[in-house]
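Being a predicted model, the structure only gives us computed values, none of them experimental.
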Protein chains: 2
Amino acid sequence: MPRAQPYDRDAALDAALTLFWRKGYYATSLKDIEAALNMKPGSIYAAFNSKETLFGLTLERYFRKQHADFVSTLKAAASPLQGLADYLRRFARLPLDDPQRSSCMLVKTLLGATEQDAKLGELAGQYIDQMIAEMAAAFEQAKQLGELPGEADAAHLARRYQADLTALGFEASRRISREELAVSAEELAQKVEAMRVRQT
Amino acid sequence: MPRAQPYDRDAALDAALTLFWRKGYYATSLKDIEAALNMKPGSIYAAFNSKETLFGLTLERYFRKQHADFVSTLKAAASPLQGLADYLRRFARLPLDDPQRSSCMLVKTLLGATEQDAKLGELAGQYIDQMIAEMAAAFEQAKQLGELPGEADAAHLARRYQADLTALGFEASRRISREELAVSAEELAQKVEAMRVRQT
DNA sequence: GGGAAAATTGAGTGATCACTCAAATGTGAC
DNA sequence: GTCACATTTGAGTGATCACTCAATTTTCCC
């Protein structure tokens with residue numbers, strides 16, 4: 001009776017991503033995964049090596065999406081600083097039931113990781129560092145375009161920007177209204193825009 | 001052979017607090033708890049009703065400590081705004097191996113809670129709301145003392161302050177140096193102080 | 001000191017955990 | 001058409017999960 005239809009790896013990973021994002025690594029059981037991917041244990045272990053490997057793949061997937069999203073927002077903006085501000089404002093426009101409102105998966109993973117099973121936490125940390133590096137590159141570019149003063153510390157600004165983003169994501173995960181979230185996002189966005197050197 | 005010595009409830013709860021704070025609810029097993037509290041399962045269930053109840057008690061304990069800490073910092077300060085700024089700066093002075101550096105337990109619990117087992121998340125959320133209410137009271141007091149302009153929105157300022165604190169705690173949980181953390185804390189503290197209305 | 005109450009003990013409960021593998025079946029080369 | 005291979009299947013693995021309880025020992029009142 002076996003061999004129903006070959007699984008769709010992309011769809012499976014998307015389903016696993018949604019599941020892990022919602023429930024986290026530890027609270028997600030193989031039963032949950034079987035149901036979400038519509039796969040039996042054997043298939044799951046043939047396709048991915050273990051629960052941990054599968055989680056790692058979904059984490060990478062999540063990172064790629066976030067990263068691509070950030071990069072494209074920056075590219076679409078008139079300037080680096082404008083792009084950084086726009087990216088913050090986008091948060092406020094997310095619908096209340098959007099999965100993004102359940103806080104950044106990287107942050108959840110980092111905070112949820114224990115020291116004896118440190119691999120996942122370290123992985124999440126590395127991805128966050130890559131995001132920070134991308135943000136630092138944007139601030140650096142702003143410097144070279146004369147948007148920021150030459151003495152600005154791009155690395156520090158990037159760390160603070162990422163921290164603000166984390167805090168905003170945390171606010172979003174609470175039960176606050178869209179208006180309140182929009183106000184917070186607007187404040188942070190204006191803080192970024194206020195860094196701009198008045199030119200001529 | 002039973003009846004070694006009666007357990008010390010305060011010491012047991014402190015040990016449980018440290019354990020749950022580090023590992024989180026799901027990743028902590030009863031075996032871990034038995035070892036940390038030096039109690040056998042029967043005693044644990046006689047003293048506390050369940051793992052969940054025990055976690056609830058430790059969460060309350062954590063909240064009480066944080067709350068008392070916040071209130072005493074405010075009382076020791078020359079003014080409400082000064083106290084709020086001081087509380088932020090204290091973060092930077094924490095040693096690298098302090099348990100406080102492993103991020104706020106309330107935040108970790110809230111982010112780690114799943115929707116089907118929502119009780120713990122809601123509890124953490126309520127405690128966070130109480131902290132925010134305490135912060136709002138401080139901003140309100142600052143208004144009435146003329147430290148803040150009359151049109152200031154204490155509730156909003158409190159939410160933003162709490163978000164900043166969360167972001168700072170997240171930065172602290174990463175591998176950043178004490179100096180970097182101090183710079184971030186100083187920035188946030190000065191942001192609070194900058195709200196002060198210049199009087200005469 | 002004697003006896004009832006209180007409290008700890010730790011082996012053991014069924015359930016669930018992540019995971020395995022022999023069997024069954026679809027797939028593609030020839 | 002046939003056969004070798006790749007892949008799915010799902011019952012079943014031992015381990016560990018949160019939790020229970022009869023037995024045992026200490027405490028404390030008299």
Side-chain angles (χ1 to χ4, degrees), chain A residues 1-17 19-59 109 112-121 123, chain B residues 1-17 19-59 109 112-121 123:
Chain A
M1 74 199 73
R3 188 71 184 250
Q5 69 265 22
Y7 78 101
D8 178 341
R9 184 162 243 259
D10 241 41
L13 281 175
D14 268 335
L17 173 55
L19 183 63
F20 277 131
W21 192 356
R22 261 194 317 118
K23 304 193 66 172
Y25 179 72
Y26 292 105
T28 302
S29 76
L30 254 216
K31 285 274 162 63
D32 295 328
I33 298 173
E34 287 171 40
L37 308 203
N38 195 27
M39 289 169 78
K40 306 294 171 258
S43 308
I44 295 173
Y45 280 82
F48 319 101
N49 279 327
S50 64
K51 183 187 172 187
E52 192 173 314
T53 305
L54 176 58
F55 185 84
L57 288 171
T58 64
L59 203 63
T109 301
T114 61
E115 54 259 32
Q116 80 232 30
D117 187 21
K119 263 177 280 182
L120 298 178
L123 193 60
Chain B
M1 72 199 74
R3 192 68 186 249
Q5 68 264 22
Y7 78 100
D8 179 342
R9 185 164 242 260
D10 242 42
L13 282 174
D14 269 335
L17 172 55
L19 184 62
F20 276 131
W21 192 356
R22 260 194 317 120
K23 306 192 67 173
Y25 179 73
Y26 292 104
T28 301
S29 76
L30 255 218
K31 285 274 161 64
D32 295 329
I33 298 174
E34 288 171 40
L37 308 203
N38 195 28
M39 288 168 77
K40 305 294 170 262
S43 307
I44 295 173
Y45 280 83
F48 320 102
N49 280 328
S50 64
K51 183 188 172 186
E52 191 173 316
T53 305
L54 176 59
F55 185 83
L57 288 172
T58 63
L59 203 63
T109 302
T114 61
E115 55 257 34
Q116 80 232 30
D117 187 20
K119 262 176 280 181
L120 298 178
L123 193 59

Chemist: If I take atom NZ in residue Lys40(B) and atom C1' in nucleotide dT9(C), what distance separates them, rounded to the nearest angstrom?
Modeler: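 Rounded to the whole Å, the gap is 8 Å.
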Chemist: Taking atom C1' of dA18(C) as reference, at what distance in whole Å does atom OH of Tyr26(A) sit?
Modeler: 14 Å
Chemist: Between Tyr26(B) and Thr114(B), is any pair of side-chain heavy atoms under 4.5 Å apart?
Modeler: yes
Chemist: Do Phe48(B) and Ile33(B) make a side-chain contact, defined as non-hydrogen atoms from C-beta onward lying under 4.5 Å apart?
Modeler: no
Chemist: If we only count heavy atoms from C-beta on, is the Thr109(B) to Phe55(B) side-chain gap below 4.5 Å?
Modeler: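 Answer yes - side chains close enough.
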Chemist: Rounded to the Å, how far apart are Met39(B) CE and dT9(C) P?
Modeler: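 Distance, rounded to whole Å: 8 Å.
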Chemist: Tell me: CG of Leu19(B) to C1' of dA18(D), nearest whole Å?
Modeler: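 Rounding to the nearest Å, CG of Leu19(B) and C1' of dA18(D) are 15 Å apart.
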Chemist: Give the residues of residues 41-56 of chain B touching DNA chain C, defined as any heavy atom closer than 4.0 Å, sorted by residue number.
Modeler: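 Per residue number, the list reads Pro41(B), Gly42(B), Ser43(B).
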Chemist: Is any side-chain heavy atom of Leu30(B) closer than 4.5 Å to a side-chain heavy atom of Tyr45(B)?
Modeler: yes
Chemist: What parts of residues 27-35 of chain B reach DNA chain C, counting only heavy atoms under 4.0 Å away?
Modeler: none
Chemist: Between Lys119(B) and Glu52(B), is there a side-chain N and carboxylate O pair less than 4.0 Å apart?
Modeler: yes
Chemist: Using modelled atom types and a 3.5 Å cut-off, is there a donor and acceptor pairing between side-chain atoms of Lys51(A) and backbone atoms of Ser29(A)?
Modeler: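 Not confirmed, Lys51(A) side chain does not pair with Ser29(A) backbone.
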Chemist: Looking only at heavy atoms, which two atoms of Ala36(B) and Leu19(B) are closest? And how far apart?
Modeler: CB-CD2, 3.9 Å
Chemist: Just so I know, are the side chains of Leu54(A) and Leu13(A) near enough to count as touching, which here means a heavy-atom distance under 4.5 Å?
Modeler: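 Yes, their side chains come closer than 4.5 Å.
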